[in-house]
Colleague: 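One structure, pasted below without further comment.
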Amino acid sequence: MANYDYDLITIGAGSGGVRASRLAGGYGAKVAICEEDRVGGTCVLRGCIPKKLLIYGAHYADYMEDAVNYGWTIEGASHDWAKLIANKNTELDRLNGIYLRILRDNNVDLKEGHGVLVDDHTVEIAGERLTAENILIAVGGWPTMPDIPGIEHVITSNEALELPALPKRMVIVGGGYIAVEFAGVFSSLGVEVTEIIRADNILRGFDIDMRTSLFEEMEKRGIKILAETVVESIEKQGDVLSLRLGNDEILETDCVMYATGRRANTDGLGLEAAGVELRDNGSIIVDEMNRTTQSHIYAVGDVTDRIQLTPVAIQEGHALADMLFNKDTRTTDYSNVPSAVFSTPPIATVGLTEEQARAEFGDVDIYDSNFKPLVHTLSGRDERSVMKLIVEPKSDRVVGCHMMGLDAPEIIQGVAIAMKCGATKAQFDATTGIHPSSAEEFVTMRSKRPDPE
Ligand code: NDP
């Protein structure tokens, strides 16, 4: 039997790679993980966590405005962007330290440098060649942008999290998760934000009522959304950026951020040499056991382009470590995966959209609620919450649940448990509400929306 340096070498120390490696180490396997950046990956260093800290920071602008009608006098409030960024970075350092400790505590060797597959059992890291019986690719993704003239002048979410100062005006291109989340942050902090989307609506793939409601709320907050608009080119004159739009109009701004999707980080990894096949978009093809086309090489997380969410990558990494070193063949369940867009206000969702449910079941029953949350009856803020349940009438099962509004992510996480258990509308109705709350609407929706003509 071949003698390898390691039982498992993982390339990429993000959420999925760290989970798989530290569990494998904990099960007694000999494990190394290599990383060319700091340990933590997109979620900890450039994604979910820093983004959410900026969102928390931005929300204080709303809280202060809303507090006035609750009797508060707030004078002389101002925001220090540099302080927020510095404090956010201190927190990221702390998290990075926790990740390092977790790896150490589970006897995982950290190898710093870019890992390249030399052959299907050998990884070269900073000039050192190491062999492993199993290899895991967990290198994640990176922002991708269209190749238009002047694209070198734009930033992505990576740089937006590190801006030295807030611009006066900002253009955000894209209508996905990242674009709408950052539009909310910068606009709350006083930046004049214009969002440019090529489609007629934001958040393709989400339920139509959530998309339309968030579009309206964003516009109410002063975010200008230019729909069905493309950017042809960008020119920089001094500090001003001029965007030539598809209709030949020129739009001037101080900062342009692109959030037009992310691509798997598979270039320069030596995957072809190791017999690992990719899709046209660069992502790695895997089966339900996270196995690539080379049977002892595995991949988890964004690099596989299944569902690009941290908790999914973690589940995949967990399942892989269990399968390889803990005699477990559990697979990741991709049904009813809840997700949230931390827009302002946020959206959260689990299950099917109305469009998907109609395609799958034909007729479906829709229950919805559109209301001003209690907190805003006094604050005076013109912001609504929208909730929607989609029910398959034959079984009475709730197959989709969507919310736009305050606390949506916190509320939908609980509803996702009910949906995972196959809850019926009758069981939702039999649940006692928590009063007064927005969440109680999900158990008090009694009237069906009339069927479409
Ligand atoms: P998304 O895939 O969500 O959205 C990409 C957006 O860019 C779409 O609006 C798309 O338009 C638009 N677009 C794509 N190509 C072009 C182009 N050439 N010109 C103009 N517009 C273009 O990508 P994101 O970058 O926002 O996020 C990447 C992934 O990261 C998400 O899919 C999500 O899984 C994950 N993520 C999750 C978060 C969360 O859970 N809260 C937060 C942030 C990211 P169109 O609709 O027309 O295709």
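Every number for a ligand or one of its atoms is a count from 1 in the order of the listing. Residues: numbered from 1 along the sequence shown. No experiment lies behind these values; they were computed from the predicted model shown.
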Colleague: Please state whether G261 comes within less than 4.0 angstrom of ligand 1, counting heavy atoms only.
Modeller: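 Heavy atoms of G261 do come under 4.0 Å of ligand 1.
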
Colleague: May I ask you to list the atoms of ligand 1 that are less than 4.0 angstrom from any heavy atom of P146?
Modeller: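 What qualifies from ligand 1 is 18 (N).
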
Colleague: Under 6.0 Å from the ring centre and within 45 degrees of the ring axis: does the NZ or CZ of K425 meet both conditions for the six-membered ring of Y367?
Modeller: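 Pair K425/Y367 counts as cation-pi.
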
Colleague: So between I178, I347, V231, T310, whose heavy atom ends up nearest atom 26 (O) of ligand 1?
Modeller: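 Residue with the shortest heavy-atom distance to the ligand atom: I178.
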
Colleague: What about Y177 and F206, are their ring centers closer than 6.0 Å?
Modeller: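 Yes: the rings meet the under 6.0 Å criterion.
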
Colleague: Any idea which heavy atoms bring R46 and L161 closest together, and the distance?
Modeller: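 Result for this residue pair: O-CD1, 3.4 Å.
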
Colleague: Among all protein heavy atoms, pick out the one at the shortest distance from atom 7 (O) of ligand 1; state its residue, atom name and that distance to 0.1 Å.
Modeller: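 For atom 7 (O) of ligand 1, the nearest protein heavy atom comes out as T260 CA, 3.2 Å.
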
Colleague: Which atoms of ligand 1 are found less than 4.0 Å from any heavy atom of F342?
Modeller: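 Heavy-atom distances to F342 below 4.0 Å select 41 (N).
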
Colleague: Around atom CG of D239, are there more than 12 heavy atoms from other residues, nucleotides or ligands closer than 6.0 Å?
Modeller: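 At most 12 heavy atoms, drawn from other residues, nucleotides or ligands, come within 6.0 Å of this atom.
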
Colleague: Mind checking whether A340 contacts ligand 1 via backbone (N, CA, C, O), side chain (CB onward), both or neither, at a 4.0 Å heavy-atom cut-off?
Modeller: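 Looking at A340 and ligand 1, just backbone atoms fall under 4.0 Å.
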
Colleague: Heavy atoms only: which of R204, R262, E181, K51 lies closest to atom 45 (P) of ligand 1?
Modeller: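 Closest candidate by heavy-atom distance is R204.
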
Colleague: With a heavy-atom distance limit of 4.0 Å, tell me whether M145 approaches ligand 1 through its side chain, its backbone, both, or neither.
Modeller: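 Neither; no heavy atom under 4.0 Å.
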
Colleague: Under 4.0 Å from a heavy atom of A199: which atoms of ligand 1 are those, numbered in the order shown and with their elements?
Modeller: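 With A199 as reference, the close atoms of ligand 1 come out as 47 (O).
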
Colleague: Check each heavy atom of Q308 against ligand 1 and say whether those closer than 4.0 Å belong to the side chain, the backbone, both or neither.
Modeller: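 Both of them.
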
Colleague: If I compare all heavy atoms of M289 with all of M323, which pair ends up nearest, and what's the gap?
Modeller: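 Scanning both residues completely, I find the closest heavy atoms to be CE-CG, 3.6 Å.
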
Colleague: Could an N or O of ligand 1 be found under 3.5 Å from any N or O of G175, whether backbone or side chain?
Modeller: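 Yes, at least one N or O pair falls under 3.5 Å.
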
Colleague: With rounding to the nearest 0.5 Å, note down the distance linking CG in L389 to SG in C401.
Modeller: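 It comes to 5.0 Å.
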
Colleague: Heavy atoms only: which of G47, G174, G176 is nearest to atom 1 (P) of ligand 1?
Modeller: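 The residue whose heavy atom sits nearest atom 1 (P) of ligand 1 is G176.
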
Colleague: Report the nearest protein non-hydrogen atom to atom 11 (O) of ligand 1: residue, atom name, distance rounded to 0.1 Å.
Modeller: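 Checked against all protein heavy atoms, atom 11 (O) of ligand 1 sits closest to R198 NE, 3.4 Å.
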
Colleague: For E192, run the salt bridge (Lys or Arg N to Asp or Glu O under 4.0 Å) check against K168, K224, R221 and tell me which one passes.
Modeller: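 The option that passes is K168.
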
Colleague: Look at atom 31 (C) of ligand 1 and say which protein heavy atom is nearest, naming residue and atom and giving the distance to 0.1 Å.
Modeller: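 Atom 31 (C) of ligand 1 sits closest to the protein heavy atom Y177 CD1, 3.6 Å.
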
Colleague: Going through the distances and angles, do E441 and S369 end up as a side-chain hydrogen bond (donor to acceptor under 3.5 Å, both in side chains)?
Modeller: CA-CA 7 Å; E441 287 291 314; S369 178; 2.7 Å; yes

Colleague: Would you check if there is a donor-acceptor pair between the side chains of N290 and R306 at a distance under 3.5 Å?
Modeller: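 Result is yes, a qualifying pair exists.
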
Colleague: Using every non-hydrogen atom in the two residues, find where L136 and A20 come nearest and quote the distance to one decimal.
Modeller: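 For L136 and A20, the tightest heavy-atom pair comes out as CD2-CB, 3.5 Å.
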
Colleague: So, is L309 polar-close to ligand 1, with some N/O to N/O distance under 3.5 Å?
Modeller: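 Between L309 and ligand 1, no N or O pair is found under 3.5 Å apart.
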
